[in-house]
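The basis for the numbers below is simple: all heavy atoms, side chains too, and nothing from hydrogens, waters or symmetry mates. For ligands, and for the atoms within them, numbers begin at 1 and follow the listed sequence. Since this is a predicted model, take the numbers as computed values, not measurements.
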Amino acid sequence: MSKLTLSPAWTALAAHRKKIAAANLTELFAVDPSRAERFSIEAGELMLDYSKHRVDAEAMRLLAGLAAQAQLPRWIARMFGGEPINSTEARAVLHVALRSDEASFPEGRDVMSAVRGARERMRRFVDEMQRGALKGADGRAIADIVNIGIGGSDLGTRMLVRAMRKFRKPGLKLHFVSNIDPADLEAVLAGLTPGTTFFIVASKTFTTAETLANAARARSWLEAALGKSTGLSRHFAAVTANPAGAEALGVPPERVLPMWDWVGGRYSVWSAVGLPVALAAGMSAFEELLGGARGMDAHFRNEPLERNMPVVLALLEIWYVNFFGAQTRAVIPYSEDLRDLPAYLQQLEMESNGKRVDRDGNEIDYATAPVVWGASGTPSQHSFHQLLHQGTHLIPVDFIVIGRNGDWSTGQAALVANALAQSAALAFGNPVPGAPHKALPGNRPSSTLLLERLSPRSLGALIALHEHKVFVEGVVWNLNSFDQWGVEHGKNLARTLLPRLLEGGDTAGLDASTRSLLARLRKRD
Ligand code: F6P
């Protein structure tokens with residue numbers, strides 16, 4: 001048994017879990033008329049209603065005790081203080097600096113002059129693009145921008161550009177390509193004109209196979225149409241912590257924007273990696289996004305554990321994963337504009353906390369990050385909600401609901417009504433005497449996260465909320481949430497299989513299944 005599962009806070013929670021096992025949500029609401037108010041938290045433009053969770057005041061108190069036992073306040077101070085808490089890579093974790101407005105931050109190691117310098121370069125670039133001052137090789141103004149990147153260099157910006165649809169400036173069109181499958185780039189380029197197309201190659205390392213392959217293909221596409229001129233470099237910018245890699249691809253140094261080793265890829269949307277967001281919605285909207293995140297940072301640093309939104313969300317997840325055996329969590333934004341949020345959260349949460357050894361390298365005996373999945377409502381209702389309501393798995397759900405974007409339209413009100421209906425149906429069920437196939441058992445937990453409106457500010461807060469939630473979970477589970485070594489082996493294997501697939505050759509040493517699949521795939525007409 002690990003220190004954590006033997007600890008007083010953990011064993012108290014396990015005992016309390018047994019005690020409230022029989023209580024259901026209908027009863028919990030019946031005994032406490034103020035439950036909805038009591039189990040809700042406001043932070044800026046966000047409101048979290050967590051009353052439809054299988055917790056009582058004692059459970060929340062004990063969960064906060066678990067966070068205190070893990071010395072969460074000290075860890076928060078360590079992160080904001082720039083200590084190298086990414087221990088396997090000996091790096092600080094300072095994505096919070098990217099949205100800071102402090103003159104110097106953190107104490108003892110100021111990164112703000114670099115951050116401000118990069119923001120200024122972003123501003124100039126965005127301005128140039130939006131004025132149509134940036135011309136391609138044949139002298140025409142740029143009209144389409146393709147972001148080439150993957151994982152943290154793609155998912156956040158892709159999600160935000162869609163989510164900020166209503167704030168988009170007229171003119172430039174944004175596109176995203178991530179897959180090494182040539183079909184991804186091909187499909188995007190099919191509608192574009194080489195002379196007016198610009199590529200942003202976003203890669204912290206500039207060694208990622210998918211991104212380098214797509215960047216090379218993009219260059220060949222331009223060459224085929226515009227010839228091999230030096231003017232082609234006018235079609236590229238890069239965002240990277242490896243400027244030499246970008247320059248080797250022919251990106252002019254003045255268009256290589258910085259990244260730093262103290263920002264993890266999946267936490268990098270606040271850096272110049274967020275350039276597509278600023279290009280789509282303008283630099284002031286990007287700054288609003290940073291402001292929203294900054295507000296959540298302040299809330300996270302200052303609010304007591306039991307009133308702290310990221311902390312409470314994290315503790316609820318821990319409650320279900322570790323004390324109810326939940327293996328997944330569904331995220332259902334009732335907003336088409338937030339359709340890409342589940343995919344973004346998948347990387348943020350599963351790449352950060354999908355770990356099986358603790359910070360000291362010891363194998364652990366408790367579950368960590370659940371599988372995160374989801375899709376936008378209402379289409380999700382006609383796909384997987386049957387299982388949520390009547391299936392055999394316990395799946396906590398996060399409903400993300402947007403309040404008034406101006407006046408209610410009937411359609412928008414119908415959308416919100418559906419979200420509320422789903423969370424109520426999950427919690428309180430529907431007994432249908434004599435027809436068990438029609439009955440909904442209820443007692444299925446969900447959070448409702450209400451955004452007053454979908455704005456750059458509320459989006460910034462929403463993302464920062466999840467970043468901090470992931471951090472809190474990592475602290476309690478005693479994980480390093482900021483590395484991702486599990487991804488490396490697969491990348492290396494693919495590298496060794498590629499020549500064998502193309503040219504054949506020695507397959508000794510490979511497992512029998514891979515050998516036979518290779519042989520079959522090489523047998524062409
Ligand atoms: O999948 C592993 C990973 O390293 C992610 O953490 C990262 O976001 C992604 O690849 C892309 O990396 P890069 O920005 O260096 O191309």
Side chain to side chain donor-acceptor pair (under 3.5 Å) between S481 and E473: does it pass, once the steps are laid out? CA-CA 9 Å; S481 304; E473 291 173 353; over 6 Å; no

Who are the residue neighbours of ligand 1 when the rule is a heavy atom under 4.0 Å from any of its atoms?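 Ligand 1 pocket, heavy atoms under 4.0 Å: I150, G151, G152, S153, S203, K204, T205, T208, R266, Q347, E351, Q484, V487, K491.
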
Who passes ring pair (Phe, Tyr, Trp, His ring centres under 6.0 Å) against F482, sequence neighbours left out?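 Residues passing ring pair (Phe, Tyr, Trp, His ring centres under 6.0 Å) with F482: Y267.
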
What are the two closest non-hydrogen atoms of S458 and L451, and how far apart are they?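 Reported closest heavy-atom pair: OG-CD2, 3.7 Å.
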
Provide the full list of salt bridge (charged side-chain N to carboxylate O under 4.0 Å, His left out) pairs with a residue in residues 70-92, sequence neighbours left out, each pair given once.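 Output for this query lists R78-E83, E89-R91.
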
Can you run down the salt bridge (charged side-chain N to carboxylate O under 4.0 Å, His left out) pairs that involve residues 498-512, sequence neighbours left out, and say none if there aren't any?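 Pairs touching residues 498-512 that pass the test: none.
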
Taking the six-membered ring for Trp and the single ring otherwise, decide whether the centroids of F300 and H468 are under 6.0 Å apart.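 Yes, ring centres under 6.0 Å apart.
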
